[in-house]
There are 2 protein chains.
Amino acid sequence: MKQAVQKRTLETRARLVAAAKGLVAAQGYVALRVEDVVAKAGVAKGTFFAHFPDKDALMDLLIGAEIDRHLDAIADLPAPRDVDEFVTVLMPLLRFMTCERYVFDVILRHSGAALAEEIGPIATTFVRQAEVVAAWLDQGPFRRDVTPDLLAEGVQAFATQAMALHFCALHNAVPLDQRLRPYLSAWLQPGI
Amino acid sequence: MKQAVQKRTLETRARLVAAAKGLVAAQGYVALRVEDVVAKAGVAKGTFFAHFPDKDALMDLLIGAEIDRHLDAIADLPAPRDVDEFVTVLMPLLRFMTCERYVFDVILRHSGAALAEEIGPIATTFVRQAEVVAAWLDQGPFRRDVTPDLLAEGVQAFATQAMALHFCALHNAVPLDQRLRPYLSAWLQPGI
DNA sequence: CCTTGTAATTGACCGTGGTCATTAATTGCT
DNA sequence: AGCAATTAATGACCACGGTCAATTACAAGG
């Protein structure tokens, strides 16, 4: 006896999303409160959680949509001919991803990876880890070729890395693209 | 009229940390509640926040300490001679970092980077992004050599990437080390 | 040993995300 | 239209991190 989804349901959901978008446009993502969303949408709090498992799911939706818009703008472009072009094309997307610390955190949480920040104990351990690793690499035999998929994953890894470092107090003097370029040069064009 | 730090202060802090460690050992990191910590330490809730800016700071401390222990075990070892050894040596640390999803999130937050997960809207955009990038890379002129520091940063980026993917429902069938090896091969030994 | 200034502690209180038993609206069926 | 079954909406309630004005413990000077 499965019933079709009610029109009312879609309307409510649309009102919630619209309200959320309005509030985000006005005050940014961090400041978004579920209570404000339901108030603006004119529904009860419980209703929100009947439509979204939690607040993060709404954020996922909103931010995901925005990322999609950027990808739409990128997808049709001709393939970049070098790293500089590559980075340039990617920048608008990366700038959105780093428009707010909170946004980046949400993206991390809903994606899956990370690197070096403030200067708490964990950050310190990362610095140490970097030193240890660097010492190893200084004396090992290393370096040749791979698949596009693997390369693409690598680009994501380095982009994430660059963005993460961008939020680190000690490093955010360097602009994001300047941070990313050497990574991508080394990854995409080793030995040049 | 600056006064020396009181012995009482150190004791209280030590009791808080000890209580927290005990609770973590018993129930893991996610389940840790500030109220439980103060109860076990025998102090009021406010006291906790006189010693730590927030709960995350405590987590930072606990997890950072654990990471340090792993680095201690690693630092004195002879430099690994190939990627396999490299990965093997790194694994205990990475396994700790991924022992709980929550732990990995805390590390991400206190470090700074990320990649591909569950399969919400954002994850979808990451897949798309990967496709777009892959298509580009398929036809561009790429590849050669760099500094140890940059290499170390790359290792961190790929490790994070691998860990992040490890939490992704679609990918966690592959063991972490198997995921990491191709990354590091490609990054450390391009063209081989 | 009191006094006085500072540091440490307390716990009632708040904000905000999330739950759930109850109530209201819809739909399908006859 | 009337009835039952299902789905949507409600809002009082809870959990838990975090705050802060008030209180207590401490240390130094007289």
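Chain letters run A, B, ... following the sequence lines, proteins first, then strands; residues in each count from 1. This is a predicted model, so every value here is computed, not measured.
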Point to revise | Value in whole Å for how far the P atom of D:dA9 lies from CZ of A:F52 | key: 12 Å

Tell me, please, which residues at least two apart from [X] pass salt bridge (Lys or Arg N to Asp or Glu O under 4.0 Å).
X      : answer
A:D56  : A:R109
B:D54  : none
A:K45  : A:E35
A:R181 : A:D84, A:D177

Revision key, fill the gap. Given protein heavy atoms under 4.0 Å, the one-letter contact record of nucleotides 12-17 of chain D, with B base, S sugar-phosphate only and - none, is simply ----SB

Practice item. Please identify each residue that fulfils ring-ring contact (aromatic ring centres under 6.0 Å, His included) with A:H70, with sequence neighbours left out. Key: A:F96

Review point. What pairs with A:F52 under ring-ring contact (aromatic ring centres under 6.0 Å, His included), at least two apart in sequence or on another chain?
Key: A:F48

**Study point:** Residues in contact with DNA chain C, drawn from residues 7-31 of chain B - heavy-atom cutoff 4.0 Å
**Key:** B:R8, B:T9, B:T12

Review point. Can you pull the salt bridge (charged side-chain N to carboxylate O under 4.0 Å, His left out) pairs that have at least one residue in residues 86-96 of chain B, sequence neighbours excluded?
Key: none

Practice item. For the residue pair B:V103 and B:I63, establish whether any side-chain heavy-atom pair is separated by less than 4.5 Å. Key: yes

Practice item. Could you check A:A44 against B:D56 and say which one's nearest nucleotide on DNA chain D is further toward the 5' end? Key: A:A44

Point to revise | N or O in side chain of B:H51 less than 4.0 angstrom from C:dT9 OP1/OP2 | key: yes

